[in-house]
Protein chains: 6
Amino acid sequence: NEDILIWVNGDLKPRAEAVVSVFDSGFVLGDGIWEGIRVHDGQPVFWEQHLDRLLEGAAAIMLDIGMTREELRAAVEDTLRANEMRDGVHIRLMVSRGVKSTPYQDPRVTVGPATVVIIPEHKEPLPATVRDGITLFTTHVRRATPDTLDPKLNAHSKLNDITACIQAYTAGADEALMLDPHGFVATCNSTHFFVVKGTPEEPEVWTSDGRFCLAGITRANVLQVCRDRGLPAQERTFSLTDVYSAQEAFVTGTFAGVVPVRSVDGRTIGTGARGPVVERLQGWYAEHVAADAARRSAS
Amino acid sequence: NEDILIWVNGDLKPRAEAVVSVFDSGFVLGDGIWEGIRVHDGQPVFWEQHLDRLLEGAAAIMLDIGMTREELRAAVEDTLRANEMRDGVHIRLMVSRGVKSTPYQDPRVTVGPATVVIIPEHKEPLPATVRDGITLFTTHVRRATPDTLDPKLNAHSKLNDITACIQAYTAGADEALMLDPHGFVATCNSTHFFVVKGTPEEPEVWTSDGRFCLAGITRANVLQVCRDRGLPAQERTFSLTDVYSAQEAFVTGTFAGVVPVRSVDGRTIGTGARGPVVERLQGWYAEHVAADAARRSAS
Amino acid sequence: NEDILIWVNGDLKPRAEAVVSVFDSGFVLGDGIWEGIRVHDGQPVFWEQHLDRLLEGAAAIMLDIGMTREELRAAVEDTLRANEMRDGVHIRLMVSRGVKSTPYQDPRVTVGPATVVIIPEHKEPLPATVRDGITLFTTHVRRATPDTLDPKLNAHSKLNDITACIQAYTAGADEALMLDPHGFVATCNSTHFFVVKGTPEEPEVWTSDGRFCLAGITRANVLQVCRDRGLPAQERTFSLTDVYSAQEAFVTGTFAGVVPVRSVDGRTIGTGARGPVVERLQGWYAEHVAADAARRSAS
Amino acid sequence: NEDILIWVNGDLKPRAEAVVSVFDSGFVLGDGIWEGIRVHDGQPVFWEQHLDRLLEGAAAIMLDIGMTREELRAAVEDTLRANEMRDGVHIRLMVSRGVKSTPYQDPRVTVGPATVVIIPEHKEPLPATVRDGITLFTTHVRRATPDTLDPKLNAHSKLNDITACIQAYTAGADEALMLDPHGFVATCNSTHFFVVKGTPEEPEVWTSDGRFCLAGITRANVLQVCRDRGLPAQERTFSLTDVYSAQEAFVTGTFAGVVPVRSVDGRTIGTGARGPVVERLQGWYAEHVAADAARRSAS
Amino acid sequence: NEDILIWVNGDLKPRAEAVVSVFDSGFVLGDGIWEGIRVHDGQPVFWEQHLDRLLEGAAAIMLDIGMTREELRAAVEDTLRANEMRDGVHIRLMVSRGVKSTPYQDPRVTVGPATVVIIPEHKEPLPATVRDGITLFTTHVRRATPDTLDPKLNAHSKLNDITACIQAYTAGADEALMLDPHGFVATCNSTHFFVVKGTPEEPEVWTSDGRFCLAGITRANVLQVCRDRGLPAQERTFSLTDVYSAQEAFVTGTFAGVVPVRSVDGRTIGTGARGPVVERLQGWYAEHVAADAARRSAS
Amino acid sequence: NEDILIWVNGDLKPRAEAVVSVFDSGFVLGDGIWEGIRVHDGQPVFWEQHLDRLLEGAAAIMLDIGMTREELRAAVEDTLRANEMRDGVHIRLMVSRGVKSTPYQDPRVTVGPATVVIIPEHKEPLPATVRDGITLFTTHVRRATPDTLDPKLNAHSKLNDITACIQAYTAGADEALMLDPHGFVATCNSTHFFVVKGTPEEPEVWTSDGRFCLAGITRANVLQVCRDRGLPAQERTFSLTDVYSAQEAFVTGTFAGVVPVRSVDGRTIGTGARGPVVERLQGWYAEHVAADAARRSAS
Ligand SMILES: Cc1ncc(COP(=O)(O)O)c(C=O)c1O
Ligand SMILES: Cc1ncc(COP(=O)(O)O)c(C=O)c1O
Ligand SMILES: Cc1ncc(COP(=O)(O)O)c(C=O)c1O
Ligand SMILES: Cc1ncc(COP(=O)(O)O)c(C=O)c1O
Ligand SMILES: Cc1ncc(COP(=O)(O)O)c(C=O)c1O
Ligand SMILES: Cc1ncc(COP(=O)(O)O)c(C=O)c1O
C-alpha cells in the first residue's frame, strides 16, 4: 500500500502528498463523517447502504458534502481505476466540514467546501483471525447516548471507541465489548457483536437491540442472510449473563466480515474454537458479498 | 493572519504548507488533544495550567506526546518569535497520536511519533461582544458522561460540542447552554457559564459543579479572582430555574475572558445589558492576566 | 364560540358563567384528567377509546369520577344537543378531583364529588397547516418518567409540555419535539411524531416506542390505518439521526388529525413540502374518522 | 373559614363566589405558580423570600404576573384587612397564566392577564401533630428532574406530589418520603425532610442536598437557625440507610413549621417520641418567626 | 418436613446435621446460585430449563460447580428416593463457591470444591392463596441493573429482593411489585408479574419486557401455554398506569404456579376476585406441568 | 489459623465444627451483615465505629441482632481471650437473620434468633504489598444504587463486589476500581480509593464523594488523620482523567490499612513506586491505630 494514489478533493495524490490543512475541521475537531467500504470484483459492495449512511450522517451534523451521489460514486471509481484495484480492497471515504478560517469549533467559521478524501488499500483480514477468532473484554467505557454523540454517527470524533479499544488491549484482549448506558450488551469498539443461543439443534442468533450502535451494514446483512436462510435471528436487549453461556459468539464488520469470538472476559465461549454456526455464516456472508458484486458487474 | 508561520512537528511552515497526512490520527479519528492559550506581553499566560491539562489529557488517552515540558515550551516560544507576536495573540497547540499505517481506529496501528502543531494568530474578541454580550439557548444536546467521552478532555473529538453549537444558532442564539445528564446546568459549548445570584447589595457568583465540564482555566481563574477580592463564588449544582431569574450571567474562556450574557432561552437576564458584577469581573480578570504576564516577564 | 353552553357538573352554562371554585383540585393543583374529542356527523368519534383512557387515568390517580360510562356519554350528548353542534366540533371533557376544604394537596381534604366540565367548540385546523405543515424544534425539556408523572396520563398537570412548547416557539418553531430520558425521540408537546423512512418506492412509517408518550388515540388509529392498508408501520426506538434524513415527517392528534412537518431543528425534511405518504395518510385517516362516525350513526 | 373573603383579580369575594373560568390556565392545565405564607402578628412572615420564589417561578415558566412587587404586597394586606386576620393565618397566593381563548396548552392562546387569587384562612397545625409527630413511608413515586418539571417550581401542576401522597397513605403513613432519581433521599410530598445524626452529645442536622426539592423557605430558615445557634447543619446526599438509624427526624414547612417524625417505613426513629433536638428546634423556629414578625411590625 | 434428608456435598443428612462451614462462600458472601424446582409424579418438572439456568448463572459468576449435568440430576434423584417423595414436593438446589481459607470476598481464597446442597420439602401453596390471591405494593426498592448485580442471576445475594419484600409487608401487602431503573413495571420480589388487558371478549396477557427480571421458568411456561392455546401474550414495557386499570393480574413462580392478584397499591384489580382468565391459566398451567411430568415418566 | 476457636451463637467451636444450618438466612440468601475488625494490643480498634455501622446495617434491613452492644463486645472479648490473640489479629463478626423454617426469601419465615459468628484470625498484609503496592483495573461492574442494594450496607450479599473482583483479576490486576452509576470513580471492590493531587510541594488527597461506597472506617480515619496533620483532604466527585495523572494513589481498608497503587488500567501512577505522601500516611495511620489501642488499654 505504499504506492497507492489517494483521492483528495478531486486530485489523486501519492501517499506522501495526501494531506489536509492543519485548519481542516476533520483534524482540528473530528468534525466529519466516513465510510469503510469493501471492493469485490471491482465493485464497491453494498454501495447504496454506505452512501445512505454517509448522507444520513451529513444531515445529522448539518454538513454539506458539496457532491452529488453520482459524483461521490465517480470519485470512488476513479480512485479504484487509478490504482488498478479490483479485489481484497478496502476503501476509507472521509468527508470533513472543510477548512476553517481559524481553529475554532463553530461551523460558521468554516471557509470553503467539505474536504473529501478516498483512501484505497489492499487489505485483507488475517486467515488466522477468520479461523481462530478474537478475544473480547468488557470495558467500563460505555457507548455514548444519542443526545451527546449519537452512536449512530460514523464520525471522525472516535475517541469514545478508541479509549474502549485501549482498555481492552490493556486487559490482554483484542477488542472491547461495550455496554449501553443501562448496562446491557451493545456492541464492540469497531465491530458488531452477536451470540448464538438456543440449542445446538435449533440455534438462534442474537445481536443487541441496536439502539447504541452504529447502523452496521454488515450487521444488517448478516441479519438478512440469516432470515433468507431460515436461521432465526433477533435484535434484542440482553446482558452478559446471556453472553457467557452462549454456544458461540462472533463479531461483524465491513472489513473482516464475520469473525469468531473465542472468549469474553476470560470465559471461553462454547469450545473456544470456531463453531458450526459461525462457520456456516461466514460462508453465507461470502456468498452474499459475491452476489452483490455480481449483480453490480452485471448491470 | 494570512502570513503566519505554523509550527508543524518541528518546522515552521507558511499557512498553505501547514498540513498533516490524511493518515493522521487527528484527521481520521479526532484522536488528539489540544490547548488554546493567550499571549500577553509576549508571554503565554497561565502556561503551567495549560501544560498540565494537556499532559493530563495525554495520560487519559494513553498518548505519548514525545516531547518534554521544556521542549513544548520552547516550541511555543520559537513560534511566537518567528511570527514576532507579542499581544492579542491566540495559540492553538494541538497534539494528535500521529500518522497511522492504515486508517483504522486502533492506536496500535499508529506509526511514528505524535503530531504536534502550533497555530499562532492575532485574534481578539469583538469589543461589542465584550460590552453587549451574547445570547444563549439551552440545547437538547447534553454533556457526555465520563465513561463515554470524559468532558474533562480537551480533545479533537469535538462533535458533541459542535452539534450543540449548531442547535443554538439554529435557534437564533450565539452559543449553546448545555445541561448535564441529569438536567442541571453544566456549561456552554465553548465556554463556561456563570450566574450572579444573591442580592444587588450582596451578590454572589455561581458556576456549575464542574463534573460535566472541561477543567476550564479561565473558570478556575475567575473563581480565584473572586475569592481574592472577596466576592463569594461557589461551584454548585443548579437548574435553569435559578438561571432565568439571575441578576446577571456571563461566560468565560481563554479566548474572550469574561463575556456578558444578555438572554437565555429568550428570557432577558437582569436588564439585558452588562451588569455591574460582570463589568467588575472583566476588570479584575484583565488585571489577573496582566499580573501573570508581568510575573513571567520578570522571571 | 362566544355563545356556547358549557356543561359544568350537570348544568349547561354560558361561557361567562362556566366557572369552578378557587378551591377546585383542578385549579389549585392540576389534579384532574381530561380528553379532547372530535365530533363528526354529530358523533363523538372514537368515544370508547377516549372513555377508556379517561377511566384509566382516573384509576391511576385514584380519582372517583362519580359518574358511570353511560352518564358521561349522556352528558356529552346533552352538551352537543344544547349547542346544536354536529361537525367541526372539538370537545374538552375535564374531570378534576373536586372542591377541597382548604387549598392543600392531600386528596383527603377534598370535599364533595369530582368536578366534571365539558366544553364544546367549533374548531378546525387551519387549511394551511394541514397542507403546508409545521416546524419542530427539539427541546432540552424532556418527557417525564413513569415514576414521577407518567406521560401516559392525560392530566391537568401539564407544565412539562407547556415549558417544552415555550422553548420551541422561542426558537421560532411551531411545536416542540421532545426526547425521552435516554435521548431518543419520544413525541411532541401536544401531538405524536412520525417519520417516513425506507425508500420512496417502499416507504415505511415509524413512530417512537411509545413508552414516554400519551397513549395517543390518533397515533393508534394511524398505525391501525397503515396496517389495514398495507403500509408498513412500526413503533420503535430511534434517534434524531434517523429523523433528519427522513423522507417525510408528520404529527398526529385528535384535533388536527395528520399534519405534515416541514422541518426539524432547521433541517428541511424531504422537500420541505407535504410528501405523498403524508397526503395519502391524511386521506386514509379522514376516511377512518368518517367510517367511525357512520358506524355510530347507523347503530 | 366559611366566611372568609377571597381576593380574586382585585375583588374580595365570599367563598361561594370565589371562582375562576373553566378556561383558566390554572384549571385546564395546572399552568400557574403559588405560595403558602404564614401570618403572624398581622405580618406575612418571610414575605421577601416568598415573593422572590414566586417571581423566580414566573420567570421560569415565562408567566407575566402583571402586578408589581408592591401591588402583590398590597393585595395581601387588603385581604388580611378585609378579613380582620392577624394570627394563626395561612395564605395561599396563586397566580395562573390567565384565561385562554380555547382549552389548549399553548401559552399563546391565553387571552387577558394572569389570574391572581389570595385565599386567607385560619389554620393551625394540630397540637398532637406538633408534639407526637407523623409517620413517613418511602414511595416509588420519585422527584421529577429539572429537565422535565423542575422540583424547584412551586407550580399548580402538583400531580407528582399528589400521587406520592396517595401511595403513602395507602401504606398507612401520613406523608410520603420521596427519593431523587438516583435513589437518595430527597424530600417529602409537601414538606422537607431532616434527620438528626452524630451523637446525643454532639448532634448534627442533615437535610438532602436540595437538588430535587422545592427551595423550601422553612428549610432555609431552619438551616439558618441551626447555624445561628451553633448546631451543625448540613445539606448533603444521603440514603435511607442513614435515615433508619437516625436519632431523630423531622419535617418542615411553612404551614406547620417543625414537625417530628415518629417512624419511617415502619422503623421507629429514635425512641419514637419527639426528641430533644426537634423540641429545641421547634422553639428556635418559633422565635425566628416571631422575630421576623416583630421586625416587620416595627418598620 | 422435620424428618427430611438433605443432600450436602454427596451425603444425605438429617435436618439438624445439614450444615455448612462458617467459611462457606455462600454464608460469608452470598456467593452462590440456586434453583427452586417442583416435583410432580416423582419427576423434577422442567428439569432442563432449571439446569440450564443454573449453569448459566455459574458461568456468569465464574463458579465451577464441579459436577456434570448427569451428576446433578442423579443427586436430585437420590435425594427424592431417600425421602420417598413424589408429589407436592419443592426442591431447593443450592451451589456456593465452596469453603474459603479466610472470610474474604476474593474467589481466589476459596479452597476446595463448590458446596452443593439439595433441600427437598413437602410444600404446597395454600388453597386460599390460589383461589383468592394476594395483594401487591409497589416499592421504592428497584430491580438492580445488569452491570451491578444482574437480575438474571438466581443468586444467594438476595438482599435486593428481601428489602423490597420487607417494604411491601410493612405497607400491609403480601408481595412487592418492583419497578425497573426507569420506572416501568418489572417484576415482584419472588415471582413474576402479569396483567390481563384488552377487553373481556378479547383478553390479552402482558408481562414486563423481562430485562430486569430473572429469566423465570414459570413465566416462560405461562407465555408458552398462552401461545399454545391462542391467548395473545406479550412481553412489553408498561407502567403502573396500565396496571391499575387491568382487568385481572397475577403472579407466577415455580412454587405456586399461577396466583391471582387482588389489588395493587390499594387499587382493586378488576372485581378483586380471581378472574376468568387467571382461572383458565391456572388450569392450563396445571396441565402443562402434568404433561411435562408424564413425558418424563414415560421416557 | 487452623486451631482457632470460633464464636458461633455463644459457643466457641474449633474450625471444623464452626458451622451454620443450610437453612440459615446467611447461607440461603446472603441475608446478613458483618464487620471486619483489627485487634491491636489486645484491643478491637475503632470498636464503636464498627459497632455503629453494624447496628445501622441491621436497622436498614430490619434485622434484630438480639444482643446488646455490651453483649456483642463481650463476645468479641471472649473470643480473643479463648484464642489468646493480641496482635496481628483480624476479626470477622457476622450476623445473619437466623435459621428459616424453609429456604424462602421472606424474613417472616425466619425461626429463631439471628445467627452471630465471630471468626478471629492471625492475619497480616504482606510486607511486599504494603511497600510495593497493588495494581487496579477499572471494571464495567458498577457500584449499586441506594434503591437497589445500598452500597452503604456491609452485607452478606456481596456478589456485586465479587464479580468486579473477578473481572479485575481476569485483566491481570489485583483489585477492581469501580465507577458509580454516572461514570465517576467510586471505590474498589474491597477497599476505598484515594489519589494524591496538587503539586509535589502542596499535595492534597482526594477520595470519591462517598455516595456509592461503604461508609469506610479506614477511609474516615485517613481523612481524619490528614485533617489532624494539616494535609488537605477532600471528598469529591472526580473521573478517571483525574486518576491517571495523579502523583500517587492508594487504597484503604481495615485489614491492610493504607496500601499504595502502582498502576491503574495499565497507566503507571507517578513513578510506579510508593510515593512520599503514601509513605507518610502509612506512618500516620499506624500511629492513629496505636493511639486508639493505647486509649482503650488505658481505660
Ligand atoms: C463502532 C463501529 N461499530 C461497528 C462497525 C462495523 O460496521 P459496518 O458493518 O457497517 O462496517 C464500525 C465500522 O466502522 C464501527 O466503527
Ligand atoms: C467545551 C469548552 N468549554 C470551555 C472552554 C473554555 O475553557 P478555558 O477557560 O480553559 O479556555 C473550552 C475551551 O476550549 C471548551 O472547549
Ligand atoms: C402530550 C400530548 N401528546 C399527544 C396528544 C395527542 O393525542 P391524541 O391523538 O389522543 O389526541 C395529546 C393530546 O392531548 C397530548 O396532550
Ligand atoms: C413539595 C413541597 N415541599 C416542601 C414544601 C415546604 O416548603 P416551605 O418551607 O417553603 O413552605 C412545600 C410547600 O409548599 C411543597 O410543596
Ligand atoms: C426474584 C424472583 N423472581 C421470580 C421468581 C420465579 O421464577 P421461576 O418461575 O423460575 O420460579 C423467582 C424464583 O426464584 C425469583 O427469585
Ligand atoms: C466494598 C468495601 N469497600 C471498602 C471496604 C473497607 O472498609 P473499612 O475501611 O471500613 O474496612 C470494605 C471492607 O469491608 C468493603 O467491603
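Within the 4.5 Å cutoff, the side chain of A:Val22 has no heavy atoms near those of the B:Lys13 side chain. A heavy-atom distance below 4.5 Å is not found between the side chains of B:Val19 and A:Val20. Between A:Ile119 and B:Phe23, the closest side-chain pair of non-hydrogen atoms falls below 4.5 Å. Residues A:Thr163 and B:Ile61 meet the side-chain proximity criterion, which asks for heavy atoms closer than 4.5 Å. At least one side-chain heavy atom of A:Pro107 sits less than 4.5 Å from a side-chain heavy atom of B:Ile166. Residues B:Arg97 and A:Ile162 are in side-chain contact: their nearest non-hydrogen atoms beyond the backbone lie under 4.5 Å apart.
Only the side chain of B:Ile4 comes within contact range of chain A, judged by heavy atoms closer than 4.5 Å. Of the two parts of B:Arg142, the backbone and the side chain both hold a non-hydrogen atom closer than 4.5 Å to a non-hydrogen atom of chain A. For B:Val117, the part lying under 4.5 angstrom from a heavy atom of chain A is the side chain only. Contacts of B:Glu121 with chain A are made by side-chain atoms alone, with heavy-atom separations under 4.5 Å and no backbone atom involved. At a 4.5 Å heavy-atom cutoff, the contact between B:Glu175 and chain A is made by side-chain atoms alone. Residue contact with chain A, scored on non-hydrogen atoms closer than 4.5 Å, involves the side chain of B:Asp24 exclusively. With a 4.5 Å cut-off on non-hydrogen atoms, B:Asn189 touches chain A through its backbone and its side chain both. With a threshold of 4.5 angstrom between heavy atoms, B:Ser96 approaches chain A through side-chain atoms but not through N, CA, C or O.
No other option in B:Val28, B:Asn1, B:Thr139 has as many heavy-atom pairs under 4.5 Å with chain A as B:Val28. Chosen from B:Thr102, B:Ile6, B:Val8, the residue pairing most often with chain A at heavy-atom distances under 4.5 Å is B:Thr102. For the set B:Ala144, B:Ala60, B:Gly36, B:Ala164, the count of heavy-atom pairs under 4.5 angstrom toward chain A peaks at B:Ala144. Among B:Ser21, B:Pro103, B:Gly32, the residue making the largest number of heavy-atom pairs under 4.5 Å with chain A is B:Pro103. Among the candidates A:Ala16, A:Gly26, A:Pro181, A:Ser25, the residue making the largest number of heavy-atom pairs closer than 4.5 Å to chain B is A:Gly26. In terms of heavy-atom pairs under 4.5 Å with chain A, the best-connected choice from B:Met94, B:Arg108, B:Lys158, B:Glu17 is B:Arg108.
Residues A:His156 and B:Ser157 approach most closely at O-OG, 4.3 Å, considering heavy atoms. In terms of heavy-atom proximity, A:Gln105 sits nearest to B:Cys165 at OE1-CB, 4.3 Å. Residues A:Leu159 and B:Ala155 approach most closely at CD1-CB, 3.3 Å, considering heavy atoms.
Using non-hydrogen atoms only and a strict 4.5 Å limit, the part of residues 145-154 of chain A facing chain B consists of A:Asp147, A:Thr148, A:Leu149.
Note that OH of B:Tyr104 and NZ of A:Lys123 are 8.5 Å apart. Values are rounded to the nearest 0.5 Å. Atom OG1 in A:Thr170 sits 4.0 Å away from atom CE in B:Met62 (nearest 0.5 Å).
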